[in-house]
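Just so you know, ligand 1 is whichever comes first in the structure, and atom 1 is the first atom listed for that ligand. Worth knowing before you read on, the calculation uses all heavy atoms, side chains too, and leaves out hydrogens, waters and symmetry mates.
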Amino acid sequence: MNSVDDFIRRDLAAIWHPCTQMHDHETVPMLAIARGEGAWLIGMDGQRYLDAISSWWTNLFGHAEPRIAAAIAAQAQTLEQVIFAGFTHAPAVELAERLLALAPPGLARVFYADNGSSAVEVALKMSFHYWRNQGHGERRRFIALSGGYHGETLGALAVSDTGLYREAYAPLLMQRIVAPSPDAYEAAPGESAEQVALRRLDDLHVLLERHAHEVCALIVEPLVQCAGGMRMYHPRYLSGLRALCDRFDVHLIADEIAVGFGRTGTLFACEQAPPPHAGAAPGITPDFMCLSKGLTGGFMPLAAVLTTQRVYDAFYAEYSAGKAFLHSHSYTGNPLACRAALATLDIFRDEPVLQRNRTLAAYVAARLAPLVDHPHVAEVRQTGLIAAVELVADKRTRTPFPAHERRGLRARLDALTHGVVLRPLGEVIYTMPPYCITPGEIDRIVDAIASGIDVACR
Ligand SMILES: *Cc1c(COP(=O)(O)O)cnc(C)c1O
């Protein structure tokens with residue numbers, strides 16, 4: 001037995017991996033990675049794999065990006081961690097200032113956490129607590145969209161709607177109110193994406209008329225419902241959502257954990273909401289914006305919740321008033337993670353990242369387009385550098401393949417033989433590549449997707 005196989009046996013003897021039926025590893029290979037280099041992962045056996053999914057949507061500028069690596073190394077020799085209650089440090093303050101300068105106007109405060117789910121917990125708790133501090137403790141429900149995903153801690157899971165992830169824990173979860181997703185895939189015959197968005201806003205209006213008095217906030221993934229199958233919707237929905245939340249005095253939580261930092265073509269997806277009327281500025285400002293994943297370029301766990309002065313002020317009082325937000329995580333505002341985030345923002349400042357991404361996105365679109373003719377492809381869709389191909393059993397009726405056939409897994413295993421890392425969501429095969437991807441590498445990804453589809457649909 002060679003040393004890599006031996007190493008993998010040690011892994012399987014000691015480790016329980018995330019989001020994995022460990023039994024699968026009796027047949028599905030475990031990849032032992034020695035190092036990363038740009039868009040590539042290099043196995044302990046020397047095999048090279050193109051990371052077409054940015055290592056679970058975290059990586060922005062490639063693995064082991066030297067500027068971010070150097071920033072972390074320097075910070076590690078200066079200050080690695082300090083309690084963040086009663087103490088502060090340069091990376092945290094600089095990062096907060098720069099995030100607020102880049103974020104939609106009106107966001108004025110940054111609360112740090114250390115992963116996306118925790119950021120969602122913070123936003124949910126802060127919203128509830130805001131209303132409680134305002135004398136509205138009767139507001140204790142949240143509205144979430146069908147098909148949405150916000151993480152897997154119990155609060156975040158409660159506002160998520162991705163069946164398998166939540167099914168087992170349903171008895172433990174708070175009851176949320178589900179509003180139908182504006183997902184353009186569900187358009188009626190002849191209906192445009194924009195018409196779906198407007199129809200879903202009407203549905204939401206009805207829901208808010210009935211429930212607004214008991215609702216703290218509505219939570220949404222702007223433009224793309226990622227874990228729910230890279231389902232995409234028209235940006236008009238976001239403008240309408242902001243208007244409805246204002247009208248019914250309900251907070252809007254924008255979960256930009258996956259779509260933030262340039263994935264959709266703008267730094268934040270919220271920027272793409274069209275102006276509500278002529279002469280108004282585009283973009284919406286949510287009451288809470290959750291950031292994580294790409295925040296550190298994919299190097300360190302870090303999350304940030306940006307909120308408004310109005311929310312902050314509702315907690316600001318004498319201690320005895322009992323209004324403080326007493327939530328904490330041990331690693332809140334970790335200096336190494338903040339430094340990685342600052343180095344990431346430096347790259348956005350110093351290079352035309354978004355412009356380059358738009359060129360790359362156009363190339364992805366051109367290369368993927370022919371796949372729409374495949375007899376089992378229902379749709380090829382794309383927002384910025386997030387592109388997805390949805391497979392179905394019957395193209396005309398869009399009848400899905402039975403889940404237990406695991407067609408997506410077959411595509412994933414086939415792509416691996418072509419040296420490309422895919423991780424389909426059910427029968428949705430997608431790529432969300434790092435921004436250092438080249439046209440030649442995009443060719444390779446698209447070829448692997450095309451081959452994976454053929455194998456999966458056999
Ligand atoms: C990944 C993700 C989360 C959860 O973040 P974790 O760091 O995995 O806890 C929340 N919301 C969205 C939209 C995500 O994609």
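Side-chain polar atoms of S55 and D51 form a donor-acceptor pair below 3.5 angstrom. Using modelled atom types and a 3.5 Å distance limit, the side chains of H329 and N115 yield no donor-acceptor pair.
Each of the following atoms of ligand 1 lies closer than 4.0 Å to a heavy atom of S117: 4 (C), 5 (O), 6 (P), 9 (O). Close contacts of ligand 1 with G116, meaning ligand atoms under 4.0 Å from a residue heavy atom, involve 4 (C), 5 (O), 6 (P), 7 (O), 9 (O).
In this structure, the protein non-hydrogen atom closest to atom 14 (C) of ligand 1 is K293 NZ, 2.9 Å. Nearest protein heavy-atom neighbour of atom 12 (C) of ligand 1: D255 OD2, 3.4 Å.
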For this session: Run the numbers on R139 and V250 for side-chain contact (heavy atoms from CB on, under 4.5 Å), then give the verdict.
Result: CA-CA 10 Å; R139 288 195 185 226; V250 161; 3.8 Å; yes
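Residue contacts with ligand 1 for C226 are absent, since no atom lies close enough (heavy atoms, distance under 4.0 Å).
W57 counts as a contact of ligand 1, since one of its heavy atoms falls under 4.0 Å from the ligand.
Aromatic rings from F248 and H211 are positioned such that their centres are separated by 6.0 Å or more. For F348 and F61, the ring centers are positioned less than 6.0 Å apart.
Remark: atom 7 (O) of ligand 1 lies closer than 4.0 Å to at least one protein heavy atom.
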